[in-house]
Every structure is written in C-alpha cells, then in structure tokens.
Amino acid sequence: MKILAIETSCDETAIAILDNLKILSNIVLSQIKTHKPFGGVVPNLAKREHQKNLPIVLKKALKESGISLSKIDAIAVTYGPGLEPALWTGINFAKELAREWKKKLITVNHLEGHIYASFLPKTREFLISNFQFPKFPILALIVSGGHTELVLMKKHLNYKILGETLDDAAGEAFDKVARLLKLEYPGGPEISKLAEKERKTLNLKGLAQRDGASRENFQQKIIRAEKIQSFSFPRPMINSPDLNFSFSGLKTAVLYHLRDNPNANKKEVAYEFEQAVIDVLIKKTEKAIKKYEPKSLVVGGGVAANKALRHSLENLSKKYPEMSLYLSPMWLTGDNATMIAVTAHFKARAKKFASPEKIKAQGNLKLE
Ligand code: KG4
Ligand code: ZN
C-alpha cells in the first residue's frame with residue numbers, strides 16, 4: 001500500500017510517500033522565515049505560501065520516492081485541527097489529485113499524526129521487521145504548539161481524552177515566554193537552548209533539579225548555595241486531582257518576574273520556566289500511568305523535541321518496567337507528512353476512506 005500524505009495545518013508545507021510504513025520520501029518546507037517578522041504564524045500568509053509551495057513539494061517528494069503518481073494507492077490529508085485557510089489548501093490539493101488520478105482519499109486528524117509519529121523507529125533507514133510497535137493500551141502525551149493532551153488508546157484509531165490544557169498549550173507557553181524574553185519565533189527551541197546552558201552550569205555545581213527529587217529539597221539546596229536561583233515559578237495544577245493542565249498562569253508569573261526584575265538573567269528564567277512545564281507534564285503523565293497502567297507511553301508534538309523533557313520521560317519510564325516508552329523520533333516531532341501517512345496506513349487497513357464531497361477543514365477538530 002503506497003500512501004501519499006499532505007500536511008498544511010500550520011506553517012509547514014509537507015508531503016511524504018510511504019510504502020507499507022517504509023518512508024520513500026519526506027519533504028517539509030518550513031515557512032518560518034515568512035512568519036518570523038510577525039512573531040507568529042499569519043493564517044492568510046500561510047495559505048498563500050502553501051498554495052505556492054504544494055506543487056513544488058509534490059514534485060520533490062515524487063522525485064525522492066522514485067515512483068510516479070500512478071503507483072500511489074491512496075492520498076491522505078490533514079483536515080484539522082489547525083488554521084482553516086491553511087488546512088483548505090491541503091484539502092483542495094488532495095481532492096484535485098485524487099480526482100485527476102482516481103485515487104482514494106483518507107482524512108487524518110493532525111493530533112493522531114503526532115501520536116502515530118511514535119510508531120516509527122528513530123532512524124529513517126530501518127528494517128520494519130525489527131521494530132516493535134507500541135503495545136496497547138497506549139497512553140499518549142501530545143505536546144505541541146496548539147495542544148497538550150493525555151490520551152488513552154485501547155486499540156488503533158481509538159482515542160479517549162483523559163486530560164487536556166484548560167488554556168494555553170505547552171508549546172504556546174514556550175512561544176509566549178520566548179516573546180517576553182525577546183527571543184525569536186518559534187520560541188521553544190530558543191528557550192530550550194538557554195535552559196540547557198543554565199542546566200549545565202547548575203549541574204557543574206551539583207545543583208540541577210534531579211528527577212524525582214522533591215522541589216522543596218531542591219530549593220533549600222539552592223538557597224544554601226548563595227541563592228543561585230532565588231526565585232521559582234508555579235507548577236500550575238500539579239496537584240489537582242484530574243489530568244488537565246494549565247500554562248497561562250505560568251506565563252503570567254514569568255511576565256511579572258521580568259517586570260519586577262528588568263535585569264533578570266534570561267538563562268535562569270528559561271531554565272526555571274522549562275523545569276516548571278516539565279514538572280507538570282511528568283507529574284500528570286505519571287498520574288495517568290498509575291491509573292490506566294498502559295503497556296506503552298508514546299509522546300509526540302513539537303515540544304517532544306525538548307531534550308530535558310525527553311530525559312525526564314526516560315527517567316519516568318524506568319520506574320515502570322512493564323511499560324515501554326516511545327518518544328517520537330526527533331525529526332518527526334515537528335509538523336511533517338510522514339506522521340500523517342503512518343496514520344493513514346492504519347486507516348487504510350481499517351478501510352476508513354473519505355468521500356471527497358464530505359471533506360471539510362475543521363480548525364477545532366477533536367480526537368475521537
Ligand atoms: O507540533 P508542532 O510542530 O506544531 C503544532 O502542531 O502546534 O509544535 C510546535 C511547537 C511550538 O510551540 C514550538 O515552540 C515547540 O513546538 N517546540 C519546542 C521545542 N521545539 C519546538 N518547545 C520546547 N522545546 C523545544 N526544543
Ligand atoms: Zn503539530
């Protein structure tokens with residue numbers, strides 16, 4: 001089964017071709033440069049860029065795969081969630097291709113894609129037979145620019161949302177705090193770089209927060225050590241009985257801290273902020289593990305590229321030997337079409353095809 005997948009939900013124009021989960025091509029054209037001057041993604045600019053880029057990306061993808069469109073069995077496309085003008089360009093392009101080449105269509109939820117990205121091994125050149133898929137039940141942690149969700153999957157394509165953010169997504173918080181620190185868009189990687197530098201310094205002094213160590217001990221240690229980091233940010237909802245998240249208060253705490261300390265050290269702020277996000281993500285994920293006893297924990301979305309988060313998740317999974325951890329391969333954490341094609345592969349196996357006249361962009365599409 002050869003699937004060509006199209007992803008245009010935000011600011012990446014992406015097309016991938018997979019042959020039974022073997023990646024024949026994966027092309028991602030980022031529009032970061034276009035949106036950078038605006039400090040975020042401008043929907044109509046994204047639409048214009050997708051329209052311009054889709055034919056170019058298609059050509060590249062076909063060339064890289066070495067196969068022609070006539071050999072493709074189905075065309076998959078992201079239909080939400082995301083920016084509707086951007087989603088529509090991908091949908092219209094997919095419909096046009098399907099009509100012209102008489103192909104079946106498969107619609108994919110972008111968030112399913114982020115989950116299924118973890119169904120691929122770390123490197124592109126792999127022997128699929130050697131790779132063990134995550135076993136069900138799966139607990140999925142999605143951490144992206146628009147979403148923060150804990151999802152339970154008892155079988156393929158079956159999702160139960162256990163918890164989600166009540167306001168900002170984790171990636172959104174990274175981006176907003178980056179703006180407060182006057183860092184470039186997208187802010188996640190920039191904050192992460194600064195935080196890593198601070199983490200190294202603290203590590204050298206034996207002061208970095210250890211996973212599992214209590215926050216109080218950590219703080220006392222810091223206070224004893226000449227107040228290296230004399231402030232801390234809240235861990236919103238960390239002890240709430242549910243599995244929901246909230247990150248907007250954390251962003252506000254950073255805002256006030258910077259207002260009251262105009263000379264604050266950016267590295268310290270980045271570190272403390274990142275650690276606050278990670279603490280909450282880990283605590284809630286662990287809560288879900290204890291409650292649902294999943295056989296696998298899979299993690300996807302742009303924030304899953306965060307080194308410190310990956311490290312903490314690895315440490316967390318060591319506490320649960322019955323459970324295997326599947327972090328999305330680094331190169332599939334951000335938006336791409338390979339993850340859409342992987343999801344479509346399982347949809348095709350379940351004969352879940354879409355009729356073209358019914359496909360609509362759904363900006364607020366939920367997992368169901
Ligand atoms: O999944 P994604 O590419 O797009 C959405 O579906 O939203 O996620 C993008 C988000 C952005 O907020 C970006 O700042 C964040 O992922 N991000 C990171 C890192 N790399 C990307 N956040 C923290 N640390 C990173 N290394
Ligand atoms: Zn995404």
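As the structure lists them, so they are numbered: ligands from 1, and atoms in each ligand from 1. Starting from 1, each residue takes its place in the sequence as its number. Owing to the predicted nature of the structure, the values given are computational and were not obtained by experimental measurement.
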What about Phe273 and Phe233, are their ring centers closer than 6.0 Å? no
Subset of ligand 1 atoms that lie under 4.0 Å from at least one heavy atom of Gly188: 14 (O), 18 (C), 19 (C), 22 (N), 23 (C), 24 (N), 25 (C)
Among the N/O/S atoms of His114, the Zn ion (ligand 2) lies closest to NE2
For ligand 1, which atoms have a heavy atom of Asp175 less than 4.0 angstrom away? 11 (C), 12 (O), 13 (C), 14 (O)
Side chains of Ser9 and Glu7 only: does a donor on one sit below 3.5 Å from an acceptor on the other? yes
Among the N, O or S atoms of Asp335, which one sits nearest to the Zn ion (ligand 2)? OD1
Before signing off on this row, confirm whether Gly302 and ligand 1 have an N or O atom pair separated by under 3.5 Å. yes
Would you say His110 has an N, O or S atom lying under 2.8 Å from the Zn ion (ligand 2)? yes
Answer with side chain, backbone, both or neither: which part of His110 has a heavy atom less than 4.0 angstrom from an atom of ligand 1? side chain
State whether the side chain of Thr148 and the backbone N or O of Ala170 hold a donor-acceptor pair below 3.5 Å, judged by distance alone. yes
Starting from atom 2 (P) of ligand 1, locate the nearest protein heavy atom and write down its residue, its atom name and how far away it is, to 0.1 Å. Asp335 OD1, 3.4 Å
Could Glu96 and Arg99 be called an ion pair, given the rule that one side-chain N must be under 4.0 Å from one carboxylate O? yes
If you count the atoms of ligand 1 from 1 in the order shown, which ones are under 4.0 Å from a heavy atom of Gly171? 12 (O)
For ligand 1, is there an atom lying under 4.0 Å from some heavy atom of Gly146? yes
Donor-acceptor pair between His50 and Asp11 side chains, under 3.5 angstrom: no
Below 3.5 Å, N or O to N or O, backbone or side chain included: is there any such pair between Glu12 and ligand 1? no
So, do Gln31 and Thr13 sit near enough that their side-chain heavy atoms are less than 4.5 Å apart? yes
Contact flag His147/the Zn ion (ligand 2), N/O/S atoms, threshold under 2.8 Å: no
Geometric cation-pi criterion Lys154 and Phe136, 6.0 Å radius, 45° cone: no
Nearest 0.5 Å please: distance from the SG atom of Cys10 over to the NE2 atom of His35. 7.5 Å
With heavy atoms of Gly334 as the reference, note each atom of ligand 1 found under 4.0 Å away. 3 (O)
Nearest-neighbour protein heavy atom for atom 24 (N) of ligand 1, which is reported as residue plus atom name and distance: Asn306 ND2, 3.0 Å
Are any of the N/O atoms on Gly145, whether in the backbone or the side chain, positioned under 3.5 angstrom from an N/O atom of ligand 1? yes
Parallel, tilted or perpendicular: ring planes of His110 versus His114, cut at 30 and 60 degrees: perpendicular
Tell me if the aromatic rings of His156 and Phe133 count as close, with their centers under 6.0 Å from one another. no
